[in-house]
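Okay, structure first, notes after.
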Amino acid sequence: MTLSKRYNAKESEQRWQDFWTERGIFKYRSDSGKPVYSIDTPPPTVSGKTHMGHVFSYVQAEAMARYQRMKGMEVFYPFCFDDNGLPSERFTETEKNVKAQDMPRSEFVKLCLEVTEEAEKEFRDLWTRLGFSCDWDLLYTTIDPWVQRISQRSFLDLNDRGFVYRKKSPTLWCPECGTAVAQAEMDDREFSSVFHDIEFKLADGSGTIPIATTRPELLPACVAVFVNPSDERWNSLIGKKASIPIFGHEVEILGDSKVDIDKGTGIVMCCTFGDSTDIEWWQEFGLDLRIVLDNRGHMNALAGFLEGMYWKKARKVLVEKLIDEGFRKESRNIEHTVNVHERCGTPLEYLINMQWFVSILDRKNELLQCGERVNWYPSYFKVRFDHWVKNLKWDWCISRQRFYGVPFPVWYCEECDEPFFAREEDLPVDPLEDSPGQPCSKCGSTSFRPEPDVMDTWATSSLTPQINARWGESDEREGFMPMSLRPQAHDIIRTWAFYTITKAYLHAGDIPWRDVMISGHALNPAGEKMSKSKGNVAGDPLIALEQYSADELRYWSCSSKLGSDVLFSEEVLGDGRRLVTKLWNAVKFAASHLEDFDPIQKPELKPYDRWILSRFTIAAERATDGMEEYEYSVAINRAESFFWKVLCDNYLEIVKKRLYSDDDKTGKQSAQYALYRVIYGSLRLFAPVLVHVTEELYQAIFRRSEGHESLHLAPWPNPGFMDEEALKYGDMSLLIIEEARKFKSLSSLSMAAPLKTLEVSAPAADLTGLSRFQDDLMNVTRAENILWTEGTLLTVSVISADE
RNA sequence: GGGCGAAUAACUCAGAUGGUAGAGUGCCUGCCUUACAAGCAGGACGUCGGGGGUUCAAGUCCCUCUUCGCCCA
């Protein structure tokens, strides 16, 4: 029971981490009979190093897992990695300095596995050292064969339900990555560009018209010219034809209200495809299709003399020619935003390709209702989901022309081109290597062409609840959905939260989880979001762990309100150390006075002991309220201010004399009784955040009498003690202590200096209540006596021992 | 251009339901107190972004403007 003078966090944290692992303290036991609290842990993308942003958000969810466990829930808390898909591909390409298309798919996949395995080790090491209470037996990675099986099963199920279709359709396309991308993978970026006014001849020879464009290289792709019907300058042109400079083909001049009269010259060309408006016009007016870009951004034969050039070069060459031949009239330099691929920053094109889609546009209302049924913490983030759903413009394109990902379980019949889907019992399949094992159901042919595409990484990571439930597997967890909690950051509401809700709805008509807690970001000291792609990541957690203990880093992670971003800076990282040290010293002190205490006994309680027990009840209730709302910072702040201000600064000083003295047995026992309860209670309030130091103190002092194998298996405090009168007069009496202390401080006296008399004046109604605290008040102030007099207000005057 | 959030002490941040502005750090002055100097006691420091409005009363509610961050056109 003797605790060392100083707490050695480094040694202690390692020791308890080993203890938890060896004893399997955090193992998920499906047969425990307790209600399950399941957490849909975010699988971090394995595409770089860990940073403080990871620590920040994962710790917040981890603290909630601890809280729920103490509340008596059987906590299902897995860990996982998202290691398939484009992010991991690009990470591997950078790390190994290779290009995926330069090698066979199997060889590249091998490299990806190598690189991601290394990164995953680092993650796991970090989580362990932060004291995470996840059950590593529940680990999954999105490239696991059984996870791929669930992902392919999801595709087949959506297909069976008629929610999937394949269509040659204009899609967002990244020429750098050579793949289709989803709306959600789009970013925008400012670029300098040039607005060119180009002269088109009217086909009937009646004159020329100026057309403003930033993309002259798309002239050969021009299929129409549009003006606004309400534009007096140009609406008489509608119905005429224009001739494309240099390329010579003629297009119709059409009217549409989508043309912005004030932009450029008010006349705009429609190309297949420059932007999403072009696609709408193309569909609405049944225009020709003139594709001039290939999948890698080079001009094709339709672009005539520009063939083979990358679009940038083609633009330059064409503009020179336009100038030479007098078609380019004017130009203006502009800054404008361009849609780019978030992974590589390349401006996106719209290209026509065969792609797989999940229909979502016709189910916006149902998805909004699902969003309604989920509890969002903090609530204001739900609006982001709503707006995203309402503003959806495309169905979800789930095919990617990439290499490292979950393949589509699909072949196409060489004879009749009918798609042929893998059988459930064959999953997972890679059509590039496996064969369907059956003849075509339509024409009987046995000759198949594999689908070479892989699925969008979100198509798999949107299934994390189903993966956790082992949906459709032989060991499926029954009654597992909806899960209890999805913790995630706010930047991926439109992707991860949205797609997960979508999948759960399409597969089962249900929500994926009841609660979602949205965490903020750790910003670097400059106040910017830390992200791997921006290269502005500050604070390597493994280095931080050399300097600060895990409990200190956890304290920092839990110091801000849920959902708000927080600045990462070296100074605040040390804040938790104060509390850890204080906790250590106070509990050590308490322990030294509890040696001879029998927790079973219930003595008659003194007023201040009733007071502190009542104060603790309030603190615990407030902390619980915070935790119930996923506001860990509210909980820790309330616990901390109770512990430090009320318990340490006042109560411990008040009862010190009684604890040290054996003259008053009942007084001592009463103090011990209260001390035991509030100290043990405080430890448990801090346990979800300061996981190591609280365990160390529990094991040293309370384990024997309380019997729980770990503090983290002890029940969350739910004290019922309340004495309103003791609470009222105890609080009031603090003013007397304060005045005595102020007197000593102003007189440059030690707090231990004796006082002669305290004259306390108070309203008659309060005198009796206050004077019950007299003995302890004399102890804590070292006053020889206290004079109680009647007055209108509570006032205190101090007479020093020297006078 | 739209949406969401933020603006409070020198710094980092708290401040349900309107009711005398708070904490930690930093600063100043004391104090080695039978847990803790990594501490304790005391102190100084704020037109709560600007401007309107509602109210007996506004950091808090309403309108408006400014700045910053995020998300999306």
Side-chain angles (χ1 to χ4, degrees), chain A residues 2-7 9 183-184 186-188 260 275-277 337 339 376 378-393 489-495 498 518 520-521 523 525-529 531 552 555-556 559-561 563-594 622 625-626 629 631 633-634 636-638 640-641 644-645 647-650 652-653 655-657 659-661 675 679 737-754 780-782:
Chain A
T2 9
L3 297 166
S4 62
K5 182 160 170 60
R6 295 212 167 157
Y7 173 57
Q183 189 180 348
M186 196 164 73
D187 250 346
D188 36 70
D260 185 347
D275 59 26
S276 58
T277 313
T337 52
N339 293 327
W376 298 78
S379 56
Y380 59 79
F381 278 119
K382 176 177 167 292
V383 183
R384 284 206 192 173
F385 174 84
D386 290 346
H387 286 163
W388 177 253
V389 175
K390 284 177 189 159
N391 293 323
L392 280 171
K393 288 207 165 35
H490 57 60
D491 57 338
I492 50 175
I493 290 173
R494 69 190 166 117
T495 49
F498 167 69
I518 307 283
H521 285 290
L523 306 176
E528 301 161 337
K529 175 179 163 185
S531 83
E552 287 158 22
Y555 179 88
W556 166 74
S559 63
S560 62
K561 283 186 62 175
S564 62
D565 298 341
V566 80
L567 287 183
F568 166 86
S569 77
E570 292 282 330
E571 299 127 51
V572 295
L573 270 182
D575 280 2
R577 183 166 306 180
R578 287 175 67 249
L579 180 58
V580 169
T581 305
K582 190 73 178 177
L583 201 50
W584 181 261
N585 288 320
V587 178
K588 176 160 61 87
F589 167 75
S592 69
H593 293 285
L594 291 171
R622 290 184 171 172
D625 289 348
E629 296 286 309
E631 288 290 0
S633 74
V634 170
I636 192 103
N637 286 340
R638 283 171 179 171
E640 181 171 349
S641 71
W644 203 306
K645 294 296 196 187
L647 177 54
C648 291
D649 289 350
N650 285 301
L652 291 185
E653 295 300 326
V655 293
K656 215 171 235 182
K657 181 96 182 281
L659 289 170
Y660 275 109
S661 160
L675 190 61
I679 289 282
I737 300 173
E738 195 182 319
E739 287 298 324
R741 284 171 169 168
K742 189 182 288 186
F743 175 85
K744 291 180 190 181
S745 193
L746 292 174
S747 316
S748 299
L749 290 170
S750 157
M751 287 302 132
V780 67
T781 59
R782 312 294 211 268

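Keep in mind that this is a model prediction, so the values were computed, not measured. Here is how names work: the chains are called A, B, and so on, in the same order as the sequence lines, proteins then strands, and each is numbered from 1.
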Both Tyr7(A) and Ala752(A) contact RNA chain B. Taking the nearest nucleotide for each, which residue is further toward the 5' end? Ala752(A)
To the nearest Å, how far apart are Arg741(A) CZ and U33(B) P? 15 Å
Give the ring-plane orientation class for Phe381(A) versus His490(A), where under 30° counts as parallel, over 60° as perpendicular and anything between as tilted. parallel
May I ask you to say what His593(A) touches in the nucleic acid, namely base, sugar-phosphate or nothing, with a heavy-atom cut-off under 4.0 Å? nothing
Would you mind building the protein contact string for nucleotides 11-24 of chain B? One character per nucleotide, 5' to 3', B for base within reach (heavy atoms under 4.0 Å), S for sugar-phosphate only, - for untouched. --SSS--------S
Would you indicate, yes or no, if G43(B) has its OP1 or OP2 atom less than 4.0 angstrom from a side-chain nitrogen or oxygen of Lys742(A)? yes
Compute both the distance and the angle, then confirm whether Lys656(A) meets the cation-pi test with Phe589(A): under 6.0 Å from the six-membered ring centre, within 45 degrees of the axis. yes
Using atom C1' of each nucleotide, how far apart are U67(B) and G26(B) to the nearest Å? 27 Å
Pairwise N/O distances under 3.5 Å, protein to nucleotides 2-4 of chain B:
| residue | atom | partner | partner atom | Å |
| --- | --- | --- | --- | --- |
| G3(B) | O2' | His387(A) | ND1 | 2.8 |

Categorize Lys582(A) for me: base, sugar-phosphate, or nothing, with a 4.0 angstrom heavy-atom threshold over every strand shown. base
Can you check the Trp388(A) CH2 to A73(B) P distance for me, whole Å? 5 Å
Could you tell me the separation between the CZ atom of Phe589(A) and the C1' atom of C36(B), rounded to a whole number of Å? 11 Å
Phosphate oxygens OP1/OP2 of C40(B): is one of them under 4.0 Å from a side-chain N or O of Trp644(A)? yes
Side chain of Asp491(A) - closest among C71(B), G42(B), G30(B): C71(B)
Hey, where does RNA chain B pair up into stems, meaning at least three consecutive Watson-Crick or G-U pairs with distances under 3.5 Å? B:1-7 with B:66-72, B:10-13 with B:22-25, B:27-31 with B:39-43, B:49-53 with B:61-65
